[in-house]
Amino acid sequence: MAAASTLARWIVRSGVLPLSRRPPAWGRAARQPPGLPLAPARAFSNNKILVELDESSGVATMKFKSPPVNSLSLDFLTEFCISLEKLENNRACRGVILTSAIPKIFSSGLDITEMCGKSTEHYAEFWRAVQEMWLRVYGCNMVMIAAVNGSSPAGGCLIALSCDYRIMVDNPKFSIGLNETQLGIVAPFWFKDTFVNVVGQRIAERSLQLGALHPAPEALKLGVVDELVPEEKLQERAAAVMAQWLALPDHARQITKSMMRKTVLDRLISHREEDIQHFISFNSKESIQKSLRMYMEMLRKKKSG
């Protein structure tokens, strides 16, 4: 197990993972032939991600289970990428629903402890893992649906934005948005590009500058999410939407998705090392480190209070 963990770390650190190893499934359909018993759901999990694959429908569910708030640590990102790659390499899987196993939170975003008081080598390893997560989700040839069952700031919002469709629980206490400026940091260009492609230039510009976190009803109005449903209906609705997307021929949908997203993906791929160096340079500034330390202290006081 330790060897597997070491290998997983090396894969993400080296950046050798291709965008998607599985070739397009030309006309492939994983639907169960009539008259045969339903294939059982298969589950595999690690410390921070629970994966369940229903081979009869071709749909997997990836549940984030990294208490207390599903923060995107290096370990979480590594396990996320490995889990998604396993599904990409399984020809029975055609779609993935991302959701949280922790009440009231989808993901709190990047783990600030990975960005504060560490070496430049650690910052590079961490940022490469963040890049890899986005490249895999945004470039995945499977249908990706975010079932957002709690608040989703910053990197959590990025995961949802990178999916093909976003369904959020209808609760005004849950919010979503790229709030990096509130922490004194700047969302990278590929965060920005992803956001613009979902909501448009003006809404993205205003939201990014203000570091806005949008309550669920406002998020729907702005187009950050595609629909709201009662919490008890979330998984049922996600499965229904997934069935609509999977009713289309895989090859036509995959080529269309690639055509729509290729420019944004290529921009990061061609500037990946430059983006890592920019992150290290910006994040290592004492003013940024001070902002992060103050934010972490505020969280500690809030937790203890």
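If you're wondering where the values come from, they're calculated on a predicted model, not measured in any experiment. Worth knowing before you read on, the calculation uses all heavy atoms, side chains too, and leaves out hydrogens, waters and symmetry mates.
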Handout entry: Atom of Gln131, atom of Arg272 and distance for their closest heavy-atom approach
Key = OE1-NE, 2.8 Å
Handout entry: Pairs involving residues 185-199, ordered by first then second residue, that meet side-chain hydrogen bond (donor to acceptor under 3.5 Å, both in side chains) (sequence neighbours left out)
Key = Trp134-Thr194, Tyr138-Asn197, Trp190-Asp275, Asp193-Arg267
Completion exercise
Across all chains, not counting sequence neighbours, the salt bridge (Lys or Arg N to Asp or Glu O under 4.0 Å) partners of Glu273 are Arg128
Handout entry: Cluster link Val143 to Leu265, ILVMFWY, side chain under 4.5 Å
Key = yes
Practice task
Return the minimal non-hydrogen interatomic distance between Ala154 and Leu178, and the atom names on each side.
Solution key: O-CD2, 3.2 Å
Exercise for the section: Indicate, with yes or no, if Ile105 and Leu161 share a hydrophobic cluster defined by side-chain heavy-atom contacts under 4.5 Å among Ile, Leu, Val, Met, Phe, Trp and Tyr. Expected result: no
Completion exercise
The residue among Glu227, Glu231, Glu232 that forms side-chain contact (heavy atoms from CB on, under 4.5 Å) with Val229 is Glu227
Practice task
I would like to know whether Glu286 and Arg293 meet salt bridge (Lys or Arg N to Asp or Glu O under 4.0 Å); could you show each step before the answer?
Solution key: CA-CA 10 Å; Glu286 179 52 35; Arg293 287 194 297 269; 2.5 Å; yes
Exercise for the section: Say whether Ser73 and Asp75, considering side chains only, have a donor N or O and an acceptor N or O under 3.5 Å apart. Expected result: no
Problem - Pairs satisfying ring-ring contact (aromatic ring centres under 6.0 Å, His included), at least one member in residues 222-244, at least two apart - result: none
Handout entry: Any residue meeting side-chain hydrogen bond (donor to acceptor under 3.5 Å, both in side chains) with Ser207, in chain and number order, not counting sequence neighbours
Key = His214
Handout entry: hydrophobic_cluster_shared for Leu213 and Val69, side chain cutoff 4.5 Å
Key = no
Exercise for the section: Check step by step if side-chain contact (heavy atoms from CB on, under 4.5 Å) holds for Leu220 and Leu222. Expected result: CA-CA 5 Å; Leu220 176 64; Leu222 296 176; over 6 Å; no
Handout entry: Which atom of Asn70 lies closest to which atom of Ser107, heavy atoms considered
Key = O-OG, 2.8 Å
Exercise for the section: Could you state whether Val148 and Met133 fall into the same hydrophobic cluster, counting links through intermediate Ile, Leu, Val, Met, Phe, Trp or Tyr residues with side-chain heavy atoms under 4.5 angstrom apart? Expected result: yes
Handout entry: side-chain contact (heavy atoms from CB on, under 4.5 Å) between Val169 and Leu228, intermediate numbers included
Key = CA-CA 5 Å; Val169 167; Leu228 302 180; over 6 Å; no
Practice task
Sequence neighbours left out, what passes salt bridge (Lys or Arg N to Asp or Glu O under 4.0 Å) with Glu205? Give chain and number order.
Solution key: none
Exercise for the section: State yes or no: are the ring centers of Phe76 and Phe64 separated by less than 6.0 Å? Expected result: yes
Exercise for the section: Classify the ring geometry between Phe126 and Phe279 as parallel (under 30°), tilted (30 to 60°) or perpendicular (over 60°). Expected result: tilted
Exercise for the section: Take Glu114 and Lys118, measure what salt bridge (Lys or Arg N to Asp or Glu O under 4.0 Å) needs, and give me the verdict at the end. Expected result: CA-CA 7 Å; Glu114 302 277 14; Lys118 299 291 197 301; 5.3 Å; no
Problem - Path from Leu135 to Met260 over hydrophobic side-chain contacts below 4.5 Å - result: no
Exercise for the section: Go through the structure and list residues passing side-chain hydrogen bond (donor to acceptor under 3.5 Å, both in side chains) with Gln244, not counting sequence neighbours. Expected result: none
Handout entry: Inter-residue atom distance Leu74.CG - Leu72.CG, 0.5 Å rounding
Key = 11.0 Å
Problem - Residue list, salt bridge (Lys or Arg N to Asp or Glu O under 4.0 Å) with Arg253, at least two apart or on another chain - result: none
Exercise for the section: Provide the closest heavy-atom pair for Gly117 versus Tyr123 in the form atom of the first, atom of the second, distance. Expected result: N-OH, 3.2 Å
Fill in the blank from the handout: Residues passing the side-chain hydrogen bond (donor to acceptor under 3.5 Å, both in side chains) test with Glu274, sequence neighbours excluded, are none
Handout entry: Other ILVMFWY residues reachable from Leu210 by side-chain steps of under 4.5 Å
Key = none
Fill in the blank from the handout: Sorted by chain and residue number, the side-chain hydrogen bond (donor to acceptor under 3.5 Å, both in side chains) partners of Thr113 (sequence neighbours excluded) come out as Asp111
Handout entry: Reported CG-to-OG distance for the pair Asn47 and Ser66, which is rounded to 0.5 angstrom
Key = 9.0 Å
Problem - Of all pairs that satisfy salt bridge (Lys or Arg N to Asp or Glu O under 4.0 Å), the ones with a partner from residues 166-183, not counting sequence neighbours - result: Arg166-Asp226
Exercise for the section: Please examine the side chains of Ser291 and Met294, heavy atoms only from C-beta on, and report whether any two atoms are closer than 4.5 Å. Expected result: no
Exercise for the section: Just jot down the salt bridge (Lys or Arg N to Asp or Glu O under 4.0 Å) partners of Lys48, sequence neighbours excluded, or say none. Expected result: none
